[in-house]
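These notes are about the structure you will find just below.
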Amino acid sequence: MEKDASDVVKQEQKSYQNPPPPGNPSFPWLVICHGREGQRQTFYDISEDRRHTRIIPDLRNKWICATSSREWLFVEDQDSGDCCLWSPASLEKIRLPPTEDLVFSCCFLSSSPSDSQSHVLLVDMGEDVIAYCRPGEDAFKRHKVEPHISCAAMFKGQIFLLLKYCELAVVDVENSELRIRALGNKDINWSNPGGIPASCSYLISSGEDLVVVEEMIYALPKGRVYGFKVFRMNFAEGTWEELKSIGDRAIFLSARGGISCSPKDSRVKKNAIYFLQLGDEHIGMYDLEDQSISKVSPCSNIGYRSLYLRWIML
């Protein structure tokens, strides 16, 4: 009997060191790293309003970035700078070279890491640089992009960049050489409402559409969100078209980008944008239909900063 009880305890300890069980695969998890040296990770399932707290050794004191493949996360040790691709399902690690001075917000895999031609691409929007390498190589190559990179997204198997004046470009890697191909589309024809001086752009794959989400921000109080506008790319015409509705989809934004999904049979609201605000411990929800903003509280009893929150698919 004692042996059985011990086995149960060991099993519970093991499960506590692994990612949470799959929830609704259609929705992203909000990952909150907290505690001493980020030793605890709380996974918030917004579709069921449930929280799962873990102590995962592979994620302690790590900087985590979602990749374009839900099977892999990019993980970087905040002290040593060691980097790897990490699989939440199998706990497998694939070594990557150090990022050095890169400050990137997007990570893309050109194909499965098991493919000998696969590349890992990191987008540093502050320096307008794309760093890329094959898994197992000793260093990232760097490609300077002109003009300025606003954001990036994977859409239908291709990596797209949003450049200055909302011009789209496609990233190709052939024979370990990176090329940028501009599409020459027109700019988005819109401007902020009066008194709203700032905006932030997100490029997102949303079903059959590639969309730009423009986040409009108040000057004071600093960082407060006024609202959002959504535009889809009409590839046939080379123009951006404003969407008053995103239909049965929902969009999830963080400082590291965005994810779109279809919230069928869940508590997640359709035709809405969920977002994180700097210094706010709540998730904001913007209703595109009535243009209202409400709040959801994922983990009000946990101390964290929204800059380190991220949505990931597991």
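No more than 12 heavy-atom neighbours from other residues, nucleotides or ligands sit within 6.0 angstrom of CG on Asn189. The environment of Glu289 atom CD is sparse: at most 12 non-hydrogen atoms of other residues, nucleotides or ligands sit within 6.0 angstrom. Counting heavy atoms of neighbouring residues, nucleotides and ligands inside a 6.0 Å radius, atom CD of Glu167 exceeds 12 of them. At most 12 non-hydrogen atoms from other residues, nucleotides or ligands lie less than 6.0 angstrom from CZ of Arg50. The 12-atom threshold is not exceeded at CZ of Arg36, counting heavy atoms of other residues, nucleotides or ligands nearer than 6.0 Å.
Of all the heavy atoms in Asp58 and Trp86, the pair that sits closest is OD2-NE1, 2.9 Å. The two residues Ile149 and Val129 have their closest heavy-atom pair at CD1-N, 4.2 Å. Between Val225 and Ile293, the closest heavy-atom pair is O-CD1, 3.6 Å. Considering all non-hydrogen atoms of both residues, Ser176 and Arg134 come closest at OG-NH1, 3.1 Å. A pairwise comparison of heavy atoms in Ala139 and Cys133 identifies O-CB, 3.6 Å as the closest pair.
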Start with the C-alpha distance between Asp79 and Asn61, add both sets of side-chain angles, then the distance that settles side-chain hydrogen bond (donor to acceptor under 3.5 Å, both in side chains), and finish with yes or no. CA-CA 8 Å; Asp79 292 328; Asn61 198 33; 2.7 Å; yes
Candidate pair Met233 and Asn185, rule side-chain contact (heavy atoms from CB on, under 4.5 Å), full reasoning: CA-CA 9 Å; Met233 168 50 58; Asn185 59 278; 3.7 Å; yes
Output, in order, the C-alpha distance, side-chain angles, deciding distance and verdict of side-chain contact (heavy atoms from CB on, under 4.5 Å) for Arg60 and Ile55. CA-CA 8 Å; Arg60 181 183 179 122; Ile55 298 179; 5.7 Å; no
Go through it in stages, so that I can follow the logic: the residues are Phe228 and Phe275, the test is ring-ring contact (aromatic ring centres under 6.0 Å, His included), and I'd like the CA-CA distance, side-chain angles, deciding distance and then a yes or no. CA-CA 10 Å; Phe228 295 87; Phe275 62 97; 5.1 Å; yes
Go through it in stages, so that I can follow the logic: the residues are Val211 and Phe231, the test is side-chain contact (heavy atoms from CB on, under 4.5 Å), and I'd like the CA-CA distance, side-chain angles, deciding distance and then a yes or no. CA-CA 5 Å; Val211 303; Phe231 303 85; over 6 Å; no
Test log, rule salt bridge (charged side-chain N to carboxylate O under 4.0 Å, His left out), inputs Glu242 and Lys244: CA-CA 6 Å; Glu242 183 173 359; Lys244 298 298 185 181; 3.3 Å; yes
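Under the 6.0 Å distance and 45° angle rule, Arg310 does not count as a cation-pi partner of Trp29.
Hydrophobic clustering (ILVMFWY, side-chain heavy atoms < 4.5 Å, transitive): Leu102 and Phe108 are in distinct clusters. Placement of Tyr165 and Leu203 in two distinct hydrophobic clusters is found when ILVMFWY residues are connected by side-chain heavy-atom separations under 4.5 Å, directly or transitively. One hydrophobic cluster, built from ILVMFWY side chains closer than 4.5 Å, cannot hold both Met154 and Ile259; they sit in different ones. Val120 and Ile130 fall into different hydrophobic clusters, where Ile, Leu, Val, Met, Phe, Trp and Tyr are joined by side-chain heavy atoms under 4.5 Å apart, directly or via other members.
With values rounded to the nearest 0.5 angstrom, Arg70 atom CZ is found 12.5 Å from Ser68 atom OG. Between the NZ atom of Lys229 and the CH2 atom of Trp240 there is a distance of 15.5 Å, given to the nearest 0.5 Å. Residue Leu73 holds its CG atom at 7.5 Å from CG of Leu59, rounded to the nearest 0.5 Å. In this structure, CG in Leu243 is found 9.5 Å from CG in Asn271, a value given to the nearest 0.5 Å.
Aromatic pair Phe104/Phe74: ring centres closer than 6.0 Å.
Taking the side chain as every heavy atom from C-beta outward, Cys166 and Asp187 approach each other to under 4.5 Å.
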